[in-house]
Amino acid sequence: MLSDDFIEQVLVVVDSIPDGKVATYGMIAKLIGREKNARLVGKALSYANNYGEYPCHRVVNSSGRLVVGWYKQKELLVNENVTFNKSGNVNLKENLWDGDI
DNA sequence: AGACTGACGATCC
DNA sequence: GGGATCGCCAGTC
């Protein structure tokens, strides 16, 4: 069971990701003091829908790969002018968030 | 308690 | 750059 506190911290960070930017799980994990628990961040985000509407589509893994099976995610990001490379991954070079809240 | 899993990351080909 | 491997550490069964 993920602590509400942990989830809350994740959501706060996710909510501060600016439009047209994306963040990585590891980055968020580090920001909330769980550098090695990037997986839990993803887990927390899966619960995020239960806690309200958050831009969890702006979070990708370190390769810029989107969530497998969540095809809507790319659509949502495109709507925010996030660019993709020909492999269908997020163009981290241009869209990665600096992490400054 | 022990084994398996995962919306991940770093490294090494 | 992309795939294969291993490491991580909670969560789940």
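The sequence lines fix the lettering, A, B, ..., with proteins before strands; numbering per chain opens at 1.
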Heavy-atom count around A:Lys21 NZ within 6.0 Å, excluding the residue itself: above 12? yes

Would one find more than 12 heavy atoms of other residues, nucleotides or ligands at under 6.0 Å from atom CG of A:Asn49? yes

Taking atom types as modelled and ignoring hydrogens, do the side chains of A:Asp5 and A:Gln9 form a donor-acceptor contact shorter than 3.5 angstrom? yes

When you measure from the side-chain N and O atoms of A:Asn37 to the phosphate of C:dA10, is any distance below 4.0 Å, counting only OP1 and OP2? yes

Within the pair A:Ser87 and C:dG2, is there a side-chain N or O less than 4.0 Å away from OP1 or OP2? yes

Taking any heavy-atom pair under 4.0 Å as a contact, classify A:Leu2: base, sugar-phosphate, or nothing. sugar-phosphate

Passing option when A:Phe84 is tested against A:Leu77, A:Asn95, A:Asn91 for side-chain contact (heavy atoms from CB on, under 4.5 Å): A:Leu77

The single option from A:Val13, A:Val22, A:Val67, A:Ile17 that satisfies side-chain contact (heavy atoms from CB on, under 4.5 Å) with A:Val59 is A:Ile17

Starting at the 5' end of nucleotides 2-10 of chain B, put B wherever the base has a protein heavy atom under 4.0 Å, S where only the sugar-phosphate does, and a dash everywhere else. ----BBBS-

